[in-house]
Amino acid sequence: MHILLLSRPVVNAGDYLFTARSLEAFENICPDADIQTGHISRAYELDYLNQFDAVVAAGGPLYDNRFLTEEAFPALRYAAKMLPKLHFLSNGWYGPDAEAGSLSNYRFEHNVKKKLSTIEKRGGTFSCRDFISEYILRNNGIRNVTMTGCTAWYDYDRLGMYEPICRGRVRRILLSDQGITKDPAVWEWKYKQMENTISLLKEIFPEAEFAFTFNGGIQTKYSEAYNLRICGLLRDNDIAFHDISGSMEGFSLCDAVDLHVGFRVHTHIHCMSRRIPSVLISEDARGIGCNTALGLHDIRDFSVDRGKIASNSRMIQELEYYLSDLMKSDFQLLTSAYVRMNTVYRNFFVPFVRRIGFYDKG
């Protein structure tokens with residue numbers, strides 16, 4: 001079995017994480033398969049694609065009109081011609097919120113929907129990292145859809161664990177940065193939310209050592225001024241910060257902490273996969289989708305009023321109450337999420353990957 005595994009890592013550490021986990025999934029579930037990796041944005045020739053038995057587009061917020069064009073994903077131009085089936089593995093929807101109207105009203109553009117329908121008719125399959133993304137696909141007429149969770153849910157060293165590794169005192173805490181900061185209009189309330197989050201954590205855990213990660217980098221195209229302001233806030237609070245963009249190696253920082261609290265979905269997922277207690281504060285539908293798929297309490301940094309995004313004035317209070325409950329339970333409240341990860345892996349993720357690898361018919 002010869003499989004071409006495509007993903008789109010560019011800068012964000014999370015993209016490198018789910019790419020590596022996707023490759024590990026095939027190595028563990030379809031060990032006899034020959035896997036060739038590539039980048040979704042590369043324009044492969046049809047003859048090259050036809051050398052493979054299957055082409056897999058792995059991870060990321062791919063279920064979006066912007067990312068399902070022939071310009072962003074050149075292999076789509078051969079959707080009706082190439083011999084291998086095209087499969088989507090653990091992809092998600094890139095929505096600003098998860099309001100009922102936002103979900104119901106989202107429509108794939110005509111050309112995008114036509115491509116997806118063609119892929120499905122030719123035997124291609126679609127899997128989603130959360131139930132929100134599954135709804136988006138089904139509401140747009142795609143039927144061969146499975147919710148498999150994100151590939152980064154599955155750390156093969158700790159899949160069988162159902163207990164958090166941190167019990168008792170929290171000595172080291174990791175904070176992850178905000179990802180939705182391209183628009184200067186949100187900077188003031190985003191900064192206040194981060195400032196208040198740090199203050200709350202220092203109040204609850206006065207003896208803890210803190211570290212902070214910028215998953216997408218500090219000197220970014222749209223958010224550099226904001227990120228530098230956050231760096232100043234971190235210095236004022238004696239918090240060391242790290243730029244972990246460009247690879248997945250920075251996630252090793254998670255293994256040295258007892259608790260993660262932050263805004264980055266894949267830092268949260270990595271910690272949960274390693275059974276490190278974690279609290280994700282949602283910034284958009286990606287965070288909400290992750291938390292709800294894992295059955296976790298969802299705290300949002302934003303509110304929606306008549307279609308407009310604004311600060312959630314209750315965020316810090318919600319975070320305080322949730323952290324209190326987690327501590328009282330010795331983090332056992334997270335156990336149900338670990339159970340769900342293992343259940344989804346066994347009943348949905350593994351069968352989906354095995355069908356791609358021709359290990360199972362279906």
Side-chain angles (χ1 to χ4, degrees), residues 7 12-22 25 58-64 88-99 102-103 106 126-137 145-155 158-159 164 174-180 213 215-216 248 251 254 259-302 312 315 318-319 322 326 331 333-345 348-349:
S7 61
N12 195 293
D15 294 344
Y16 290 91
L17 177 67
F18 71 66
T19 297
R21 292 289 181 263
S22 299
L62 204 58
Y63 297 135
D64 184 285
F88 289 76
L89 178 64
S90 296
N91 311 97
W93 180 61
Y94 200 153
D97 60 71
E99 301 297 300
S102 299
L103 302 184
Y106 189 83
F126 301 84
S127 73
C128 301
R129 63 189 184 191
D130 55 54
F131 296 109
I132 290 175
S133 304
E134 181 182 36
Y135 176 85
I136 292 293
L137 285 179
V145 184
T146 306
M147 205 296 284
T148 57
C150 178
T151 57
W153 280 17
Y154 309 119
D155 184 297
R158 301 194 178 175
L159 259 179
L174 181 69
L175 283 153
S176 59
D177 69 316
Q178 297 148 314
I180 312 300
T213 56
N215 290 26
M248 62 170 283
F251 287 114
C254 298
L259 172 67
H260 161 257
V261 178
F263 300 80
R264 286 292 184 163
V265 172
H266 279 95
T267 302
H268 175 63
I269 289 175
H270 178 72
C271 287
M272 291 297 293
S273 76
R274 300 285 292 166
R275 306 310 187 245
I276 300 163
S278 179
V279 177
L280 174 67
I281 301 170
S282 299
E283 295 186 274
D284 61 10
R286 292 173 296 176
I288 298 168
C290 178
N291 277 333
T292 54
L294 289 172
L296 295 171
H297 179 52
D298 186 55
I299 300 170
R300 306 178 189 184
D301 82 331
F302 69 95
N312 175 14
M315 188 196 93
E318 292 177 33
L319 179 59
Y322 185 45
L326 286 175
F331 294 113
L333 280 178
L334 299 175
T335 299
S336 60
Y338 305 146
V339 172
R340 184 173 294 203
M341 293 168 97
N342 281 275
T343 300
V344 173
Y345 178 79
F348 298 97
F349 187 82

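Counting only distance, with no hydrogens or angles, the side chain of Arg275 and the backbone of Arg158 share a donor-acceptor pair below 3.5 Å. Within the 3.5 Å criterion, the main-chain N or O of Gly179 finds a donor-acceptor partner in the side chain of Glu283. In this structure a side-chain-to-backbone donor-acceptor pair under 3.5 Å is missing from Thr146 to Ser127. Between the Asp177 side chain and the Asn215 main chain, a donor and an acceptor come within less than 3.5 Å of each other. Panel note: side chain Asn312, backbone Arg300; a donor-acceptor pair is recorded below 3.5 Å. The backbone N or O of Trp93 lies less than 3.5 Å from no partner atom in the side chain of Asp64, so there is not a single donor-acceptor pair. Between the side chain of Ser176 and the backbone N or O of Arg264, at least one donor-acceptor pair lies under 3.5 Å.
Using a 4.5 Å heavy-atom threshold, the side chains of Leu333 and Leu296 count as separate. Contact check for Arg129 versus Pro61: side-chain heavy atoms found under the 4.5 Å cut-off. Contact of the Cys254 side chain with the Leu174 side chain is registered, since non-hydrogen atoms from C-beta on lie closer than 4.5 Å. The side-chain heavy atoms of His268 and Cys290, taken from C-beta on, include a pair separated by under 4.5 Å. No side-chain heavy atom of Ile180 sits under 4.5 Å from any side-chain heavy atom of Asp301.
In this structure, OG in Ser336 is found 9.0 Å from CG in Leu294, a value given to the nearest 0.5 Å. For the atom pair Arg286 CZ and Asp130 CG, the distance stands at 11.0 Å (nearest 0.5 Å). With rounding to the nearest 0.5 Å, the separation of NE2 in His260 from CG in Leu175 is 7.0 Å. With values rounded to the nearest 0.5 angstrom, Ile288 atom CD1 is found 6.0 Å from Ile132 atom CD1. In this structure, CG in Leu326 is found 8.0 Å from CG in Leu259, a value given to the nearest 0.5 Å. Here OG1 of Thr151 is found 6.0 Å from CZ of Phe349. Values are rounded to the nearest 0.5 Å.
Contact detail for Asp97 and Leu103: the closest heavy-atom pair is O-CD2, 4.4 Å. Pairing each heavy atom of Arg340 with each of Ala293, the nearest pair is CD-O, 2.7 Å. Among all heavy-atom pairs drawn from Ala58 and Ser7, the shortest one is O-CB, 3.8 Å. Scanning all heavy atoms of the two residues, the minimum distance from Pro164 to Pro277 falls at CB-CG, 4.2 Å. The minimum heavy-atom distance linking Gly149 with Val344 is given by the pair N-CG1, 4.1 Å. Residues Tyr338 and Met272 approach most closely at CE2-CE, 3.5 Å, considering heavy atoms.
In this structure His266 satisfies the ring-ring contact (aromatic ring centres under 6.0 Å, His included) test together with Phe18, sequence neighbours excluded. Considering only residues two or more places apart in sequence or on other chains, Tyr63 meets the ring-ring contact (aromatic ring centres under 6.0 Å, His included) condition with Phe88.
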**Intermediate values then yes/no, side chain to side chain contact (heavy atoms under 4.5 Å, CB included), Asp284 and Tyr94** = CA-CA 8 Å; Asp284 61 10; Tyr94 200 153; 3.9 Å; yes

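Around atom CZ of Phe348, no more than 12 heavy atoms belonging to other residues, nucleotides or ligands sit under 6.0 Å away.
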